[in-house]
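Structure record follows, encoded as C-alpha cells.
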Amino acid sequence: MYRLSYSEIMEDAPDLGREREREAFDRALGLLRTAEAQGAGAGAERNSAVGSIQELWNVLISDLLDPENGLPEGLRADLVAIGLWNMREAGEVLSAPERSLSALIEVNTSIRDGLR
C-alpha cells in the first residue's frame, strides 16, 4: 500500500491538507473536552486525550522542521514554539491529574480556528 507523506498531500491539495489538519485538531479537542468535563474521574480517558494532542504535535513539529516545508521560516518557528509549549503543558497535566486541560483546549482551539 502506498502511503503519501504529509508534504506530498499538502503539495497536491493544500485545501484538503488543511481540512485534514482541522479534523485532527477537532478529534483531539473533542477528547480533551470530554476528559475535562469528566474531571478527576477521567483517568485513562484523560491520558488518552493528552496523548492524542501530543501525537498530533509530534507530526506537526516534524513537518515544520523539515527543510522542504513551504511555510515562511518565521511562521514555522512560531508554530514549533507553540508545539513545544503543548508538549510541556501535556507533560504537566499528565503529572498533575488535578490540573485543568483548559489551557491545552484554548490554545489548540485557536490553532484549529486559524486553519480556516
Would you check if the side chain of [X] reaches a backbone N or O of [Y] as a donor-acceptor pair within less than 3.5 Å?
| X | Y | value |
| --- | --- | --- |
| Ser52 | Ala49 | yes |
| Asn86 | Ile82 | yes |
| Arg18 | Leu115 | no |
| Arg46 | Val93 | yes |
| Glu36 | Leu101 | yes |
| Arg33 | Ile105 | no |
| Thr34 | Gly30 | yes |

Measuring from atom [atom1] of [X] to atom [atom2] of [Y], what distance do you get when rounded to the nearest 0.5 angstrom?
| X | Y | atom1 | atom2 | result |
| --- | --- | --- | --- | --- |
| Asp113 | Asn108 | CG | CG | 10.5 Å |
| Leu29 | Leu104 | CG | CG | 9.5 Å |
| Gln38 | Glu45 | CD | CD | 4.0 Å |
| Asp26 | Arg20 | CG | CZ | 15.0 Å |
| Trp57 | Leu64 | CH2 | CG | 7.0 Å |

Would you say that Val50 contacts Glu89 through its side chain, given a criterion of any heavy-atom pair below 4.5 Å between the two side chains?
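Answer no - side chains too far apart.
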
Heavy atoms of Met87 and Asn58 approach each other most closely as CE-OD1, 2.9 Å

For Arg22, is there an ion pair with Glu19 - N to carboxylate O distance below 4.0 angstrom?
yes

List the steps, then state whether side chain to side chain contact (heavy atoms under 4.5 Å, CB included) holds for Leu79 with Leu60.
CA-CA 9 Å; Leu79 290 170; Leu60 294 173; over 6 Å; no

Hydrophobic cluster identity match, Leu31 and Leu94, side-chain contacts under 4.5 Å:
no

